[in-house]
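Written out below as structure tokens is the structure these notes cover.
Hydrogens, waters and symmetry mates are skipped; everything else that's a heavy atom, side chains included, is used.
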Amino acid sequence: MATSTVAKLSLSRVPKCSRSVKARQLKSNTTAEAGDKTAVVFGATGYIGKFVVNELQARGYKTVAFARSKSGIGGKKSEDDVKADFPGVDVCFGDVSSTEGILEALPEKVDLVFSCMASRTGGVKDSWDIDYQATLNCLDVDAATAIGVTVTEVSVHKKEVGAAIVTSAHPGKRGQDAARAKGAEQFVLLSAICVQKPTLTFQKAKLKFEKALQEAGDIKYSIVRPTAFFKSLGGQVKSVSGGGPYVMFGDGCLAACKPISE
């Protein structure tokens, strides 16, 4: 049976010196745990994906950044451009629209999988193609064993930094098809806090994949639901400053959030 807890995370109540000490302790512990484990990041060239790749590398994981041959906004980045963005990181190129394209590009053994992919437009087709199907293809490729079950949600309140995090695992099962032969131990999904009240297509697509991940039954998983980042809001401000319109859903309350500062 799954267990759950709800915790409030407030960095404002933690002395700065304590924060730095805890950060060093965490980095030391995770570096030791990393060992020779291989972590693959899908959506590595995205805004959050880049940070995830760099953090995994800093923590001692053998990090693999998965990207398209033509990536970035409008496909302007070449393979050489992407490799230059990730010094010291293995970069592989493939097509997430098919499990075959992913399998051919990945190394033989994968321990951890991070999906930071997201549809660029949020449109109907783009949302189902990326937020659901492409992410599902990544899961189908990387299966594994599992241990323990826990569910944790960290909520955002006032000036607190937060995100909803769901971690769980199902013991005993393993994937039966060849697509899950990579043997990953855990699948980490970057979702969004707004899926809790799904009204837009991309929210529904993300939520459908979350359900598929939770019901997979053969892999330990973590689902992270952050609120928006200030960069997203900053993009709107830049557009408005240049005379562009401010994008708003409904009466403005539908997509209200407490942005996370980078």
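Under the side-chain hydrogen bond (donor to acceptor under 3.5 Å, both in side chains) criterion, Q57 pairs with no residue at all, not counting sequence neighbours. For K211, the salt bridge (Lys or Arg N to Asp or Glu O under 4.0 Å) partners at least two apart in sequence or on another chain are E215. Shown here are the side chain to side chain contact (heavy atoms under 4.5 Å, CB included) partners of V240, two or more places apart in sequence or in another chain: Y246. Checked against side-chain hydrogen bond (donor to acceptor under 3.5 Å, both in side chains), S191 has the following partners two or more places apart in sequence or in another chain: E210. Every residue two or more places apart in sequence or in another chain that forms a side chain to side chain contact (heavy atoms under 4.5 Å, CB included) with E79 is listed here: S69, F93. Every residue meeting the side chain to side chain contact (heavy atoms under 4.5 Å, CB included) condition with S97, not counting sequence neighbours, appears here in chain and number order: D95. With sequence neighbours excluded, no residue satisfies side-chain hydrogen bond (donor to acceptor under 3.5 Å, both in side chains) with S239. Residues satisfying the salt bridge (Lys or Arg N to Asp or Glu O under 4.0 Å) test with K37, not counting sequence neighbours, are E185. Legend: residues meeting side chain to side chain contact (heavy atoms under 4.5 Å, CB included) with I48, ordered by chain and number and at least two apart, are V52, L190, F229. Under the ring-ring contact (aromatic ring centres under 6.0 Å, His included) criterion, F114 pairs with no residue, sequence neighbours left out.
Ring centroids of Y221 and F187 are separated by 6.0 Å or more, keeping the two rings apart.
In this structure, F42 and F66 have tilted ring planes: the angle between them lies in the 30° to 60° band.
Residues C92 and V64 share a closest heavy-atom pair of SG-CG1, 3.5 Å. Residues T199 and K204 come closest through the heavy atom pair O-CE, 3.7 Å. When all heavy atoms of M117 and G43 are compared, the pair lying nearest together is CG-N, 3.6 Å.
Screening residues 125-134 for salt bridge (charged side-chain N to carboxylate O under 4.0 Å, His left out) gives K125-D129, D131-K206 as the qualifying pairs, with residues at least two apart or on separate chains.
Taking the side chain as every heavy atom from C-beta outward, L56 and V41 approach each other to under 4.5 Å.
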Between side-chain atoms of residues 82-91 and protein atoms elsewhere (two or more places apart, or another chain), which donor-acceptor pairs fall under 3.5 Å?
unit_1 : atom_1 : unit_2 : atom_2 : d
D85    : OD2    : K77    : NZ     : 2.4

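Note on L136: it clusters hydrophobically with I219, by side-chain heavy-atom contacts below 4.5 Å among ILVMFWY residues.
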